[in-house]
There are 2 protein chains.
Amino acid sequence: MNAAIEDENASNYSTARYRTPDGAPADIVIFTITSSSRNQTKKSLPIRELQVLLIQRKKWPFEGCWALPGGFCNEDESVYECAKRELEEETGVGEIHLEYFNVYSEPGRDPRGWMISHAFFALVNESRLINRKAADDASDVRLFPVSEALKLPLAFDHLKILQDAVERVRDRMLTTTIAKQFLPEEFTISELYQVIETVVPDFEEKNFIRKITSTQSRKGILEEAIDGSGERKMSNRYSQRSAQLYRFTDSQPKLSIYG
Amino acid sequence: MNAAIEDENASNYSTARYRTPDGAPADIVIFTITSSSRNQTKKSLPIRELQVLLIQRKKWPFEGCWALPGGFCNEDESVYECAKRELEEETGVGEIHLEYFNVYSEPGRDPRGWMISHAFFALVNESRLINRKAADDASDVRLFPVSEALKLPLAFDHLKILQDAVERVRDRMLTTTIAKQFLPEEFTISELYQVIETVVPDFEEKNFIRKITSTQSRKGILEEAIDGSGERKMSNRYSQRSAQLYRFTDSQPKLSIYG
DNA sequence: GGAATAGTGTCTTTCAGACAATATAGT
DNA sequence: ACTATATTGTCTGAAAGACACTATTCC
């Protein structure tokens, strides 16, 4: 490096001359899909619903309001690490799909000061939230159906964040294989279809099973589950006739509007 | 609102108890496509190249290095507004496609302190940069071909930001109609094809003209340019035989891996 | 006529969409 | 036998992909 020819260098640089943010929180939209069985007497597909985890604030500002879980970043972590830390605190588990989707920085969005919030969404399999739900049963944290959450007077600009998260997760549900986050390792085509439908209400594909299993251009995304002896694995969890089990591969199709 | 039952409220809340970020910069990856004619004697399609605008730093840190244009957010603006302001300073024009794509917050990414950077990409039609280029001809700001810029020792983590921006803009080029940012209002199919090729080097669609103009599911994205008297407008800017001019409509196809 | 680009004809294979039909196994 | 779900058969029309062919206009 050359000698400094400017008026600043490491020893005299100071950030104190400028107004700086008062905090960089990460807020997390934690989605899960709940299942409840539709019929006790016969086997049938469950009723599924997209839910979001909210916490009730105990402090000023927005005391008493429901809000997205989150917290402030520390200096020694990235915002992704911060979100991951908060997510683990909230759910008790790691290894969860966590994806950054937007920044919220409108002046005045937080009465505490100049807060630039980084918004993530997380997709958690219902089974992994059960312990937590029991522990917090009567507490200030609970799952809401997304349709209800969107009608609540959420704290800060969290309604906007939630709206954007829903839009984003719907997009990702159709353009990536994140559906796997809501499914067991091995699943039937009907289960997959139902999960997609749950997140994207107007999803409809005729002859879905054919397209997903035998269309050349899409065949790569699923593979048949095979047991130890090379037989195809079947399940009759939800039906009389047993259905072929599938699993996601690692491949993601590339999409294009031009071809 | 209820009376405060907690230990904090507007009058005693203080952010000073926490370490706060030293700044929230916005960095902008400004892309343009340059055209240079291939042949002076005959009409032919131009050679196009994807370029990125960089500035040479004059101060510590990374003095002398090339870096992405950007600047610090003020308290009274959102990071998008900040990016827009910086972009206008750099290009001299407004009304430019500007899109947020990621946050960069690894500890230590900026020797000046705890800086959380918000990265945008902008797509500028070459014609709108010409004035600026002349003004800054011998200065510390210039366009680099993206392939070259990726080999430079850029300041901060700007190489990573640039790599991510290139990846993102390629994705958006194929999944949205941002190609229009690099084209005049009306253009030929060949021009469109060339622009996509320039951004996405391995793009290849056989029978492109057929798919884009007469395939039912894709027909909506372009429309034929019509002149005042209802005739179809043609151009022979780049060819002997004149070609039909098209324009983008407002519609964007929805993509899905499932159908 | 040659060059450069624009666009069409034609054929084959694959895919989408509709819908009927059959298969399986629990009750 | 009835039922709920899974899966296949069959037919039609649309689209993809290959590639040869024609069209236009400048040089």
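Below, chains carry the letters A, B, ... as their sequence lines are ordered, and counting in each starts from 1. As the structure is a computational prediction, the values presented were derived from the model and not from experiment. FYI, side chains are in, hydrogens and waters are out, and symmetry mates aren't considered; it's all heavy atoms of this structure.
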Atom pair distance, as rounded to whole Å: [atom1] in [X] and [atom2] in [N]:
{"X": "Arg237(A)", "N": "dG26(C)", "atom1": "CZ", "atom2": "C1'", "result": "17 Å"}
{"X": "Asn236(B)", "N": "dC26(D)", "atom1": "CG", "atom2": "P", "result": "7 Å"}
{"X": "Gln240(A)", "N": "dA6(D)", "atom1": "CD", "atom2": "C1'", "result": "11 Å"}
{"X": "Glu191(A)", "N": "dT7(D)", "atom1": "CD", "atom2": "P", "result": "12 Å"}
{"X": "Leu192(A)", "N": "dT5(D)", "atom1": "CG", "atom2": "P", "result": "17 Å"}

Counterpart residues, side-chain contact (heavy atoms from CB on, under 4.5 Å), relative to Glu186(B) (two or more places apart):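 Partners of Glu186(B) by the side-chain contact (heavy atoms from CB on, under 4.5 Å) criterion, ordered by chain and then number, come out as Ala225(B), Lys233(B), Leu245(B), Arg247(B).
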Taking for each residue the nucleotide of DNA chain C with the nearest heavy atom, is it Gly259(B) or Ala243(B) whose nucleotide lies nearer the 5' end?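 The residue mapped nearer the 5' terminus is Ala243(B).
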Any N or O donor-acceptor pair linking the side chain of Arg241(B) to the base of dA23(D) at under 3.5 Å?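 Under the 3.5 Å cut-off, the side chain and the base do form a donor-acceptor pair.
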Side-chain touch Val52(A)/Phe121(A), heavy atoms, less than 4.5 angstrom: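 No, too far: nothing below the 4.5 Å cut-off.
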Would you say that more than 12 heavy atoms from the other residues, nucleotides or ligands in this model lie under 6.0 Å from the CG of Asp250(B), or not?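 Counting neighbours around CG of Asp250(B), 12 or fewer heavy atoms of other residues, nucleotides or ligands fall under 6.0 Å, so no.
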If you count every heavy atom of other residues, nucleotides or ligands that lies below 6.0 Å from Glu167(A) atom CD, does the total exceed 12?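 No, not enclosed.
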Of residues 198-224 of chain A, the positions that come close to DNA chain D - non-hydrogen atoms, cut-off under 4.0 Å: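 Listed by number, they are Ile209(A), Arg210(A).
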Main chain of [Y], side chain of [X]: is a donor-acceptor contact present, judged purely on distance under 3.5 Å?
{"X": "Arg210(A)", "Y": "Thr215(A)", "answer": "no"}
{"X": "His97(A)", "Y": "Leu123(A)", "answer": "no"}
{"X": "Thr32(B)", "Y": "Gln51(B)", "answer": "no"}

Which residue lies toward the 5' end of DNA chain D, Arg232(A) or Ser239(A), if each is placed at its nearest nucleotide?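 First, find each residue's nearest nucleotide; the 5'-ward one identifies Ser239(A).
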Any carboxylate oxygen within less than 4.0 angstrom of a Lys/Arg side-chain nitrogen, looking at Arg237(B) and Glu191(B)?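 Answer for the salt bridge query: yes.
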Between the two ends of the helix from dG1(C)-dC27(D) to dT27(C)-dA1(D), what is the bend in degrees, rounded to 10 degrees, where each end axis spans five pairs?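 It works out to 10° between the end axes.
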Verify side chain to side chain donor-acceptor pair (under 3.5 Å) between Ser190(B) and Thr188(B), making sure each step is shown before the conclusion. CA-CA 5 Å; Ser190(B) 300; Thr188(B) 66; 4.6 Å; no
